Structures are given as C-alpha cells and as structure tokens.
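Below: one structure, written as structure tokens.
Every value quoted in this text rests on a predicted model; they were computed, and no experiment measured them. Note that these values count all heavy atoms, side chains included, but never hydrogens, waters or copies made by symmetry. Chain letters run A, B, ... following the sequence lines, proteins first, then strands; residues in each count from 1.
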Amino acid sequence: MSSTKVRVRFAPSPTGGLHLGGVRTVLYNYLFARHHGGDFVLRIEDTDQSRFVPGAEDYIMDCLKWCGLIPDESPLRGGPFAPYRQSERKESYRQYAEQLVIQGYAYYAFDTTEELEHMREKFKSDPNPSPQYDAKLRNHMRNSISLPAEEVKKLLDAGTPHVIRIRMPENEEIHFDDMVRGHVSFATNSVDDKVLLKADGMPTYHLAVVVDDYLMKITHAFRGEEWLPSAPVHLLLWKYLGWENSMPQWAHLPLILKPDGHGKLSKRDGDRLGFPVFAMNWTDPKTGELTEGFREKGFLPEAFINMLAVLGWNDGSEQELFSLDELVEKFSIGRVHKGGAKFDYEKAKWFNHEWIKKSDTERLLPDVKKVFRDKGIDISNDTLEKIIPLLKERCTLLPEFFEQGSFFVIRPETYDLPAVQPKWSEQKKTFFIQWIESLKDLQEWNFASLETSFKEKAANSEIKPGELLLPLRIMLVGGKFGPAAFDIAVVLGRDETIGRIKAALEVF
RNA sequence: GGCCCGUUGGUCAAGGGGUUAAGACAUCUCCCUUUCACGGAGGAAUCACGAGUUCGAAUCUCGUACGGGCUACCA
C-alpha cells in the first residue's frame, strides 16, 4: 500500500559474543528486506560506554559475513545515513530530548543513584516490591516538575548532573498492531518515566532507537520479545516528536529458550549442556575466556541459518531445508510463531548433517581441507575430491571428516584386534597373502575389479567373502568404520593397499 | 507483587469451526549393509484445565492454571 522503500535495521549492542537469537533477528531482518527489495542496515548501539568491549563490533560484522547476511549500510560500509554508530551520533540526540522538555513531554531529573536507591527502598512494599519512577512518585523526587522553576534553573546553571526523563501520561491507553502478535495494548500508568538522556549526555536505548529509526527512515522494526514492555515508551516518543506517521511497523520476535528448564537461552546454558550459543568463537578480552561458536564447532553457515530460520517460522509446507535464496523468497513475518521455542541441539546437528550431505564436493572442499590442516595435515585437492563424497554422509559436524577419514592419509598404527582375532585363521591369512599377489597384476584398479578379484580368490580359498571383508577393513582402516572397503582401496592405490595388508598381517 | 506476551507429542511444529490432528528431530522395532553411516518400513507419543457460543470446538469467547518477558542513568 505504501510506496516507501522497505528499510530494516539490526541494532546490536557490541558487548560480547553474538547470540543465536541475535543471529535469528538479523536473519529475519535480512530476509524481510530482501524479500521486499529493501535495505538492510547495521547500526551499532553503543550508547553505554561502561559496557564497551573492544573487538565486539568487528566480531559482529565477521559473524554476519560468515552467515552471508551482509548489510547494505553499516559502520564499515557507510551509507547515506552515516554515521552508523550511535556513539558517533551523540550530539544529535540532546536536541530532541530538550524539545520534549520544552513541550512538557519530558523533564530534568537531578536524582543521584543513591537517591534513586533510597527511593526504591523507601517505597518498597509487599504489594509493590519494585516501585517505579512514575506519576505517583516523581513529585517526591528532585526534578523539574517537583522543584520550583528558579531552583531548576539554578541547578542547571550550576551544571548539576541530570538526566532527562519522559513524562508518562496518566490514565491513557496505548495500543498498536504488532506484525507477529497482532493487537497489543498497555496502560500508561504501568509504565515508568524512563530515562531518555543519561547524565553523560548519551541517549538511552529508548531515545536513540526512536531518533535513529526516524532519521534512518526505518520502515519495519524487528526485535526480541523482551522489548515489548518498553514499546509504549517508544510509541509515545514517536508521537511526541511529531513523527507518528513515519513510525515503523513493529514485530516482536519470540524468544529462544533453554532446552531444559525454562527461561531465555544463555551462553551459560551452552557451557553447561555442551553446545555453542554464539555464532563464532568469542574470546572475552577481559577474562581471556573462550566460548566456542557454531562455526568452529563445525557448522556450515547454510545449516546454521536454515536451522535458525525455522526455529519460530515455517512456510506452511513440509519443507524444512531451505537455502538462503529460498528463504528470501518464502519468508513472511506473518508466519512467525508467537510462542518461544526451546533450542534443540540435536535438531541443529541434523540440519548440519543434511547440509553436508546435499553440498557438493566443491563447496565442502575448503572446509574439509581446513579441518585436516588444523590437525597438521595438508591434503591435496585431488585426494579431497575423492574422499569427500565417500565421507560426507557419515559426518554431522565438519571435524568428523578427520575422525572418519584420517586413515586415508595416515596408515593405521593400531587395529581393532578384538574385531578380527576371534575369527582369524591360517586360511584367512593365506588368502590375503595370495590376494596381494594377484593385486600386483590387477589390470584395472577400481571398485569392480577389486571386488571381482576378491571374490574369485575367496571362492578358491573356500571362504565366504563376507568373512574376509571385515578383516580387510581393519587392515585398511584400523577400525570398524568408514566407507566400503573397496572404495577405500581404490583411493589408497595399489601400493598403499598392499602395504597396509602386509603390515596388518604382521600383527593379526 | 504489577504489567505484557504466550500455551498442539520429550523437542520444533502444520492445522484458524466438521481432519484418521500433517511432517521433522529424538526414541523404540524391523529391513538393507557381515564396518559405521545413508536409505526404507513400522510403533509409541499431543490439542493445559474449566465454563460458555455452536448441530459441531485444537480452532471463537471468558475465566483458571502454567510458562516466559519486563519492572536500571543495560541494551
């Protein structure tokens, strides 16, 4: 209905690792923007200098890059609405706060932290365990509403530290239509006079999000459900600032919950239950503590994104595997689920397994190469091209390519003897000795010829081929795992195959 | 405590007045494979509860319960 271009933003606070839920918010933003041919903006909400964490911003951008969710405008790329870091926009916020004071929608408050604590203590009661700075209480505090005008002026002239608070109206009803929840309403009496501008001159989230969304012409705002209670403040600000007609449409996304128990999924849950919560490895610069990410755990970004997309959304069909392009095509905010979803790591791994299986060798090659390189082994692309197709259906996480396939490049040093020895015999040993000889003269070194030769020799020895297959596998692999034995022999090549059989024969 | 949001198998979920209430993960059984997987067949398992509206409610309404979020000069 509107012809204005869709513009959405992801507005993280750079305070640490990028959480699953954060990535999903980015993803929904991105999908919505692309689906509607709009712009996707990354805006850094760094208004809390006390929580500044060096490196966190670059880290977030790296995560987005890994996920393939590249913003059209960002601190890195710039754009027509630069700067994209709120700390760099500091000067622009004060005027709006002052404007609100002049219009009577906000006021100066001089209360110190101690005074606020004292107030909370003093007015705390059983029916009201957490008293709010609101219409009932602001007259008991030191602010430009409770204090005489001369005194306010005096305090201001003296440079007394102060904040600017919104003056929440009494007995009003605020309501709006949320894109995922439908109609939502609040009574203004239950909302406190939120701080808009802090004593250090920085805006709080409440002011900054409204001012920047307006200035950056944001049309749709997605954020986590934890923001719902402060939505009335934002709605009012849009109205008081006179921008009501430009207000974005809101969508409050359901939360991602702990797999066990209840509550929001946190980094701690990952540590406790043994799965990643952050997109990529994050090292806390203060403590040096490393938290493993999905990338390093061995997830493909395609799978990570896919898994996140359907955690709270589906297209109504039975399809579960979606590429990013398909998601862009099919995503609709209206089909986002309202309720929170418990995170299921098993299902997450299933997605990764599916994506590994459906990815072609060329796609997987660099990742698998890295897995081996991290183990100190360089493998040629030629070999990789041969082993990846053989290995991928048994690998759920990338590092398993090494676990499942290291024997291709490292001759086994130990054997799963209990698997062979009980049924081992001189006849079998003789068979292998003879087979080695015929292998030397084998015309074609491929699956079919190996199999034929193996079966013929087995028949001559009057042993069932099946009883020889397991020993052969152990000789080649060392254990009871891996692709078909003849497939392995093909990749190993004639010399190495014969060599391994000989070596094993010494031990069996 | 208050305010807001939510509630379909263990988990993710489709379904929005009439369905045998899909599908997926996990789980169990079997088949395939003398490795591990993949694949295939099947099983068990769900509408939180109570009222109402209706010929008929998982679907609509209201209560209750339960869960979650928020309740900072953090986002």
| When you match A/T112 and A/K338 each to their closest nucleotide on RNA chain B, which lands nearer the 5' end? | A/K338
| said: Taking only the P atom of each, what is the distance from B/U54 to B/C49 in whole angstrom? | reply: 23 Å
| message | Counting only side-chain heavy atoms from C-beta out, which of B/U71, B/A75, B/A24 sits nearest to A/W350? | response | B/A24
| said: Which nucleotide, if any, forms a Watson-Crick or G-U wobble pair with B/C3, using both distances under 3.5 Å? | reply: B/G69
| Is A/K347 salt-bridged to A/D344, cutoff N-O under 4.0 Å? | no
| said: Assess whether a salt bridge exists between A/K358 and A/E354, defined as any Lys/Arg side-chain N lying under 4.0 Å from an Asp/Glu carboxylate O. | reply: no
| Across all strands, who's sitting opposite B/G50 as a Watson-Crick or G-U wobble pair, both distances under 3.5 Å? | B/C62
| task | Kindly say if A/K124 contacts the phosphate of B/G1, meaning a side-chain N or O under 4.0 Å from OP1 or OP2. | result | no
| From the list B/G68, B/C4, B/C73, which nucleotide is the closest neighbour of the side chain of A/F186? | B/C4
| request: Assign A/A341 to base, sugar-phosphate, or nothing according to its heavy-atom contacts below 4.0 angstrom with the strands shown. | output: sugar-phosphate
| field | Donor-acceptor pair present, A/K347 side chain and B/A24 base, under 3.5 Å | value | yes
| message | On the nucleotide B/A75, are OP1 or OP2 found under 4.0 Å from the side-chain N or O atoms that A/K198 carries? | response | yes
| request: For nucleotides B/G1 and B/C60, find the distance between their C1' atoms and express it as a whole number of Å. | output: 32 Å
| field | For B/A44, the Watson-Crick or wobble counterpart (both distances under 3.5 Å) | value | none
| Length of the CG-P vector between A/L228 and B/C4, whole Å | 10 Å
| request: Could you give me the CA-CA distance, side-chain angles and deciding distance for A/R9 and A/N29, then say whether side-chain hydrogen bond (donor to acceptor under 3.5 Å, both in side chains) is met? | output: CA-CA 7 Å; A/R9 82 308 195 253; A/N29 267 291; 5.6 Å; no
| said: In this structure, how many angstroms lie between the P atom of B/A13 and the CD atom of A/E346, rounded? | reply: 17 Å
| Across the strands shown, which category fits A/S317 at heavy-atom distances under 4.0 angstrom: base, sugar-phosphate, nothing? | nothing
| request: To the nearest Å, give me how far apart CG (A/D260) and P (B/G67) are. | output: 15 Å
| request: Give A/G339 one of three labels, base, sugar-phosphate or nothing, depending on what nucleic acid heavy atoms sit under 4.0 Å from its own. | output: sugar-phosphate
| Between atom CH2 in A/W227 and atom P in B/C74, what is the gap in whole Å? | 11 Å
| request: Pick out which of A/F331, A/Y28, A/F222 makes a ring pair (Phe, Tyr, Trp, His ring centres under 6.0 Å) with A/W313. | output: A/F331
| message | Regarding A/V163, tell me which of base, sugar-phosphate or nothing describes its non-hydrogen contacts under 4.0 Å with the strands shown. | response | base
| query | Across the strands shown, which category fits A/S125 at heavy-atom distances under 4.0 angstrom: base, sugar-phosphate, nothing? | reply | nothing
| Phosphate contact (B/A37 OP1 or OP2) by A/K480 side-chain N/O below 4.0 Å | no
| message | Rounded to whole Å, how long is the line connecting atom CG of A/D200 with atom P of B/C74? | response | 8 Å
| field | A/R473 side chain, from C-beta outward: closest of B/U35, B/G68, B/C73 | value | B/U35
| Taking any strand in view, what nucleotide pairs with B/C12 in a Watson-Crick or G-U wobble way, both distances under 3.5 Å? | B/G23
| task | Just compare B/G1, B/C5, B/U35 and give me whichever is closest to any side-chain atom of A/V184. | result | B/C5
| field | Options B/G23, B/G6, B/C38, nucleotide nearest the side-chain atoms of A/E320 | value | B/G23
| query | Can you say whether the rings of A/F299 and A/Y345 are parallel (under 30°), tilted (30 to 60°) or perpendicular (over 60°)? | reply | tilted
| query | Looking at A/D193, A/N143, A/D111, A/D192, which hits side-chain hydrogen bond (donor to acceptor under 3.5 Å, both in side chains) with A/R138? | reply | A/D193
| message | Students often get this wrong, so: under 4.0 angstrom with heavy atoms, is A/P483 touching a base, only sugar-phosphate, or nothing? | response | base
| query | To the nearest Å, how far apart are A/Y415 OH and B/U35 P? | reply | 20 Å
| message | Please classify the nucleic acid contact of A/V310 as base, sugar-phosphate, or nothing, using heavy-atom distances under 4.0 Å. | response | sugar-phosphate
| query | Are A/H337 and B/U8 close enough that a side-chain N or O sits under 4.0 Å from OP1 or OP2? | reply | no
| query | Looking only at atom types and distance, does a side-chain atom of A/R500 sit under 3.5 Å from a main-chain N or O of A/M475, one as donor and one as acceptor? | reply | no
| message | Tell me whether A/D284 is salt-bridged to A/K267, with the criterion being a basic N under 4.0 Å from an acidic carboxylate O. | response | no
| query | Out of B/A75, B/U11, B/C73, which has the shortest distance to the side chain of A/S13? | reply | B/A75
| said: Heavy atoms only, 4.0 Å cut-off, all strands: where does A/D111 land among base, sugar-phosphate and nothing? | reply: base
| Are any of the side-chain nitrogens in A/E467 or A/K423 under 4.0 Å away from the carboxylate oxygens of its partner? | no
| query | At under 4.0 Å between heavy atoms, what does A/K349 touch on the DNA or RNA strands: base, sugar-phosphate, or nothing? | reply | nothing
| A/D360 with A/R363: basic N within carboxylate O range, under 4.0 Å | no
| request: Tell me the partner of B/C32, counting only Watson-Crick (N1-N3 plus N6-O4 or O6-N4) or G-U wobble (N1-O2 and O6-N3) with both under 3.5 Å; none if nothing fits. | output: none
| Of all the choices, B/A22, B/G6, B/G69, which nucleotide is nearest to the side chain of A/R181 once you look at every atom? | B/G6
| said: Mind checking if A/G224 touches a base, just sugar-phosphate, or nothing, with heavy atoms under 4.0 Å? | reply: nothing
| Below 4.0 angstrom, N of the basic side chain to O of the carboxylate: do A/R120 and A/E117 qualify? | no
| query | Given the P atoms of B/G63 and B/C3, what is the spacing between them in whole Å? | reply | 13 Å
| Checking all strands, does A/A484 fall into the base, sugar-phosphate, or nothing category for heavy-atom contacts under 4.0 angstrom? | base
| field | Residue from A/M179, A/R24, A/R223, A/E226 passing side chain to side chain contact (heavy atoms under 4.5 Å, CB included) with A/L253 | value | A/R24
Check nucleotides 30-34 of chain B against the protein and report each pair of N or O atoms closer than 3.5 Å, with its distance, or say if there are none.
none

| said: Quick check on RNA chain B: between A/R335 and A/N128, whose nearest nucleotide comes earlier from the 5' end? | reply: A/N128
| query | In terms of side-chain heavy atoms of A/D344, which of B/G6, B/U11, B/A75 is nearest? | reply | B/U11
| field | Candidates B/C73, B/C38, B/G15 - which lies nearest the side chain of A/K357 | value | B/C38
| query | Rounded to the Å, how far apart are A/I256 CD1 and B/G69 P? | reply | 14 Å
| message | Suppose we call a contact any N or O donor and acceptor under 3.5 Å apart; does that hold for the side chain of A/R394 and the base of B/C38? | response | no
| Value in whole Å for how far the P atom of B/A75 lies from CD of A/E226 | 13 Å
| query | The side chain of A/K342 lies closest to which of these nucleotides: B/U71, B/C3, B/C12? | reply | B/C12
